[in-house]
Participant: 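Here it is: the structure, laid out below.
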Amino acid sequence: MADLYTVNKSPFEKNSLEQAIRFSADGASILLIEDGVYGAMAGTAAEGLVKGASGRKFFALRSDVKARGISEDRLIDGVELVDYAGFVDLVESTDKVQAWL
Amino acid sequence: MADLYTVNKSPFEKNSLEQAIRFSADGASILLIEDGVYGAMAGTAAEGLVKGASGRKFFALRSDVKARGISEDRLIDGVELVDYAGFVDLVESTDKVQAWL
Amino acid sequence: MKLAVQVNEGPYQHQATDSAYHFTKAALEKGHEVFRVFFYHDGVLNGTRLTTPPQDDRNIVNRWVELAEKYDLDLVLCVAAAQRRGLVDDGEAERNGKDATNIAPKFRISGLGQLIEAAIQSDRLVVFGD
Amino acid sequence: MKLAVQVNEGPYQHQATDSAYHFTKAALEKGHEVFRVFFYHDGVLNGTRLTTPPQDDRNIVNRWVELAEKYDLDLVLCVAAAQRRGLVDDGEAERNGKDATNIAPKFRISGLGQLIEAAIQSDRLVVFGD
Amino acid sequence: MSEIKKFMYLNRRAPYGTIYAWESLEVVLIGAAFDQEVSLMFVDDGVFQLVKGSDTSESDMKNFLPTYRTLGDYGVRHMFVDQASLEARGLTTDDLIQVEWEDWETEEEVDNIVEAVDADKFKELMAESDVVFSF
Amino acid sequence: MSEIKKFMYLNRRAPYGTIYAWESLEVVLIGAAFDQEVSLMFVDDGVFQLVKGSDTSESDMKNFLPTYRTLGDYGVRHMFVDQASLEARGLTTDDLIQVEWEDWETEEEVDNIVEAVDADKFKELMAESDVVFSF
């Protein structure tokens, strides 16, 4: 098993997503929450971060995605939406949590 | 007269310095304070921001530069150190202040 | 699973405390144990009973209190962070000569060792911050 | 020159409030008028009398109080921001049924109009934030 | 003092992740009581504040997108959006809300005061302003 | 519970601009009372925390650089610095403070526990850790 990385910053504001990906091991799960969910949007200058990160599984918190008006058809393919119960499950099913703030 | 731009973010953490420069008019004064003073360091990946911005005058708050252990010989040429009294003078001698946080 | 939760930001300014609350609540509802929620940095401001948020907005402090009442949750404010930011209980008021307290019920003030202990005792530490 | 100063962050967490203090002090020492210092967002937390910072660190709240005493400075906390963050004076305590106050001397709580007015009346508005 | 100043609100933060966007909006609403010329500028993640379709029903936070739509009634004459910030985020003005404006005295109407501008126009607008608010 | 866990403190913030670096250090100091294996990792602007020559005499803030030098006495065994973060900032380990370490039982000594590592080593270190603290 690998770690769960939480990223709560917009990829346009801070490099947290970029660094979480860079320092994550193969098989890592990366969960985008709060303003971090902007990293899950397709068609942006930052979409390459997620699209180019093979071997990582990406998740985004649904309530945060919806609050920001990001419709599901604008999400990058393969990003899975979870609710807080799913967040808890991710914490349980991975080795530990790294918060990339 | 042009405006005074204050920038308090490290150029490695947020794009505030880049944007302040991009949106500043010719003749603008740009004052680096707090973590913004890292933008005044020579030899970094961000030094091009200040070095490439012709027509702008750059200042850095001396107490913040010193607290961060940046010696004067590591400052980009042309960056002028000021104290808080100098900060006040800059505010007085420019049209208005724009805080780029 | 036994969880420790760390909250680094105060209410309203950053969403971190909202995320921490919803995560903690979801974990408890799924039957997990939350060993402790530790409030650090501006996070200690979650523990004031003096807030009066607008009526059409969430009450962040009361949400924590109610969750603690329902699940007997241990809500700990770091004493050093609390002193810097003016979060005071009876003991702190007496020790530091303060004429008022502002801590909310169900919160307690204690040392940083409580964070270390929580990290040791729990299966996972989950950090929410800015 | 007549100045208005806006402070968006609380004490200790961010340096913004330090910068605002040193700037305001320097302006006053140079003989400029500071029409008002307006505390917004977490900035309202600068106005609590309940802090007890470590003895070897600066006392951010007291510094403001002393500056206000020396120069008769108008220190205003935004009421909406104060309510969200638990900053309370006698009037607020009565209106919102709070059993304690935590405001420091020389600070007052008032509306956002005070910020607009300060911006209109002053030659410059200087903002300090995160 | 009866001088009318030009106020510019500089918004560079995404909504919801922090309170700055919302509390900035509260200043604009209160500011309507004062007779000033008010413009808003959205740059960087600030452009996300105007994105249509916000739904906070699952997040227990107040949805303040509808408040932006009313700004024309609160004395806001212009809402400028940085074109480059939009493009970097894969957005166009079609993704943003529209805000109507009407002058009650002259009955002049504008369908939408939200307008994308380039850096040169931005510089001009900032230069013309008397006061810049940042949050 | 007598199990010894591996603690990793992840530091990504510059000092002084915010309190995170200092309050993070306070956790490390208190943590010394617990018998854990403690490492610190400095990435992004976190590497600035270890830059030599900090002088806060003009800024009325507490200079906490000397405290880092004592960490070897507080049970910290490793202080890792991301090499790429250093390079982007024009720094080398020569610009950073040195931190000594000595095992009082075995009398093993290390002159400097501050060490630059690359991304692969970083990944390995994070994978080996049991708990990651972020501030």
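All figures in this text were calculated on a predicted structure; none of them were measured in a lab. Residue numbering restarts at 1 for every chain, and letters A, B, ... go by the order of the sequence lines.
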Participant: Tell me, please, which residues at least two apart from B:E47 pass salt bridge (charged side-chain N to carboxylate O under 4.0 Å, His left out).
Facilitator: B:K51

Participant: Given the options B:Q98, B:K14, B:K9, B:K96, which has more heavy-atom pairs under 4.5 Å with chain D than any of the others?
Facilitator: B:K9

Participant: Please tabulate, for side-chain N and O atoms in residues 37-47 of chain D, each donor-acceptor pair with protein atoms closer than 3.5 Å (sequence neighbours left out).
Facilitator:
from, atom 1, to, atom 2, distance (Å)
D:Y40, OH, E:E23, O, 2.4
D:H41, ND1, E:E23, OE1, 2.6
D:D42, OD1, D:R85, NE, 2.7
D:N46, OD1, D:T17, OG1, 2.6
D:N46, OD1, D:W64, NE1, 3.2
D:N46, ND2, D:E9, O, 3.0
D:N46, ND2, D:G43, O, 2.9

Participant: Less than 4.0 angstrom from a charged side-chain N to a carboxylate O is my criterion; do D:K106 and D:E69 meet it?
Facilitator: no

Participant: Does any heavy atom of chain B fall under 4.5 Å from the side chain of D:H14, the backbone, both, or neither of them?
Facilitator: neither

Participant: Using a cut-off of under 4.5 Å for heavy-atom pairs, which of D:D130, D:T24, D:L3 has the most such pairs with chain B?
Facilitator: D:D130

Participant: Can you tell me which of B:V97, B:D64, B:V91 forms the most heavy-atom pairs within a distance under 4.5 Å of chain D?
Facilitator: B:V91

Participant: Under the side-chain hydrogen bond (donor to acceptor under 3.5 Å, both in side chains) rule, what do D:Q83 and D:R95 come out as? Steps first, then yes or no, please.
Facilitator: CA-CA 11 Å; D:Q83 287 178 343; D:R95 255 187 304 282; over 6 Å; no

Participant: Could you walk me through whether B:T94 and D:R124 satisfy the side-chain hydrogen bond (donor to acceptor under 3.5 Å, both in side chains) test, starting with their C-alpha distance in whole Å, then the side-chain angles of each, then the deciding distance to 0.1 Å, before giving a yes or no?
Facilitator: CA-CA 10 Å; B:T94 49; D:R124 300 284 189 283; 4.9 Å; no

Participant: Is chain D contacted by the side chain of B:D83, its backbone, both, or neither, given a heavy-atom distance below 4.5 Å?
Facilitator: neither

